[in-house]
Protein chains: 2
Amino acid sequence: MTPSSSGAHRSADERRAQLLDAALDVLREHGLAGLTTRAVTARAGVTHGIFHYVFGSKAALVRALIDRELTGAAAAWGAATATDDLETALRQAVRAQLDIVRADPGHQAALFELIRAARDDADVSAAEWERRQYLAEIERQLVSWSDRGGVTWDAPVEHVAALVLSATDGVVQTWVADHDDARADASADLLARAVASLARPA
Amino acid sequence: MTPSSSGAHRSADERRAQLLDAALDVLREHGLAGLTTRAVTARAGVTHGIFHYVFGSKAALVRALIDRELTGAAAAWGAATATDDLETALRQAVRAQLDIVRADPGHQAALFELIRAARDDADVSAAEWERRQYLAEIERQLVSWSDRGGVTWDAPVEHVAALVLSATDGVVQTWVADHDDARADASADLLARAVASLARPA
DNA sequence: GTCTATAAGGGGATAGAC
DNA sequence: GTCTATCCCCTTATAGAC
């Protein structure tokens, strides 16, 4: 049988995955302030020293965590809806972002915190890269929707994409702060309407 | 002459103000992670023990800091511009928020961090109260602008206000993250245009 | 009432045992 | 190659000196 993962003498790669899982759990439950190397190893059921053998430093853990969690996250904006109506498509997209967070608020809040911390700490590239992926994906969708609806954007598409990303972030983060579902839904709907009004018949 | 504030045996109230000033400095320079009771007292040029004599606990300092810094902050939205054009007024208001942060990014970033930390920690009321003040102020402005411009909002005003607050927050925080002035300006302008399109002739 | 000296605990990291 | 025992620093908080 497969030995228990907390049993002694497992490969560094296995330890790595095990510790990353534990780190995410700790982060979700106790926030960034509670994310200590000792809490992670305790959660994983291994002795503390293993941590530095596997990751070398706490910063390396944070970097690895961001890398693992961000991979594929941009794809969420790409899950386009097949509708001809621009406003409806936009509303569904913004609501989808909101739903991701609602489905697992702790997870998302933890990621926000992590990315924010990583920004001033060291390796900025991960967070920046993520944002660029998001922007490119949104821009692609905006063009796709306007083409399908037979309209054209009345402002540079990259500006519209930047606004959509920033504003959606704001709506999502407001929900994280107050958990007011009705207000978040209203904001999402209104945002879709407002942005849709930036397009004119081609 | 007035004795130096770091001289021995001053009143608790004076020490309190002195330590709050030092705490804000430390927060701006080293972030929340660097805000330790020792860093604060060192910055103020007093011995460490004084801290607990004055504040009792670190949490009390954070609460006091939030109280002091948030007072009057909502007024920023109230500094209305005297223009008849709704979109222009909105653009100036959003840009004003952006300018506040640009003028002193460290200060604003520090406040964000502080409020965020206080949320899960304990006294949520301060942050919530602030948000309500903002919303009320924005709502008041939206009505004032629509009245003056002879238009009416095509959606509940509180919904529009919520969107404006959330979206502006998103734009501001995006700037804090990337310091991209051009993109932030473009987003602000576009946000004003998009929101203005939610109003129709009365 | 104001402040100093000291305590008690938890943090990340490492040298070296197996 | 994998892990354990230990280190030393920095944190908040308090007991009691002035």
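Numbers restart at 1 for each chain; the letters A, B, ... are given by sequence-line order, proteins then strands. Remember, predicted model here, so these are calculated numbers, not experimental data.
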- Assess whether side chain to side chain donor-acceptor pair (under 3.5 Å) is satisfied between Arg131(A) and Thr174(B), documenting all intermediate values. CA-CA 10 Å; Arg131(A) 202 151 193 99; Thr174(B) 297; 2.9 Å; yes

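Side chain to side chain, Ser197(B) and Arg193(A) fail the donor-acceptor criterion of an N or O pair below 3.5 Å. Side-chain polar atoms of Gln18(B) and Arg15(B) form a donor-acceptor pair below 3.5 angstrom. Side-chain contact, His48(B) with Thr37(B): a donor N or O sits under 3.5 Å from an acceptor N or O. In this model, a donor atom of one side chain and an acceptor atom of the other lie less than 3.5 Å apart for Asp181(A) and Trp175(A).
When the side-chain nitrogen and oxygen atoms of Thr47(A) are compared with OP1 and OP2 of dT4(D), one or more of them lie within a distance under 4.0 Å. The phosphate of dC3(C) (OP1 or OP2) has a side-chain N or O of Arg15(B) nearer than 4.0 angstrom.
Here dT2(D) presents its P atom at 13 Å from CG of Leu19(A), a figure rounded to the nearest Å. When rounded to the nearest whole Å, the span between CD of Glu14(A) and P of dC3(D) equals 10 Å. Rounded to an integer number of Å, the gap from CG of Asp13(A) to P of dG1(D) is 13 Å.
The backbone N or O of Leu35(B) lies less than 3.5 Å from a partner atom in the side chain of Lys58(B), making a donor-acceptor pair. Of the possible donor and acceptor atoms, none in the side chain of Trp145(A) sits under 3.5 Å from a partner among the backbone N and O of Arg140(A).
Partners of Asp21(A) under the side chain to side chain donor-acceptor pair (under 3.5 Å) rule, at least two apart in sequence or in another chain, are Arg68(A).
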- Go along nucleotides 11-18 of chain D 5' to 3' and tag each nucleotide: B for a protein heavy atom under 4.0 Å from its base, S when only backbone or sugar atoms are that close, - otherwise. BBBB----

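An end-to-end axis angle of 0° holds for the helix from dG1(C)-dC18(D) to dC18(C)-dG1(D), taken from five base pairs per end and rounded to 10°.
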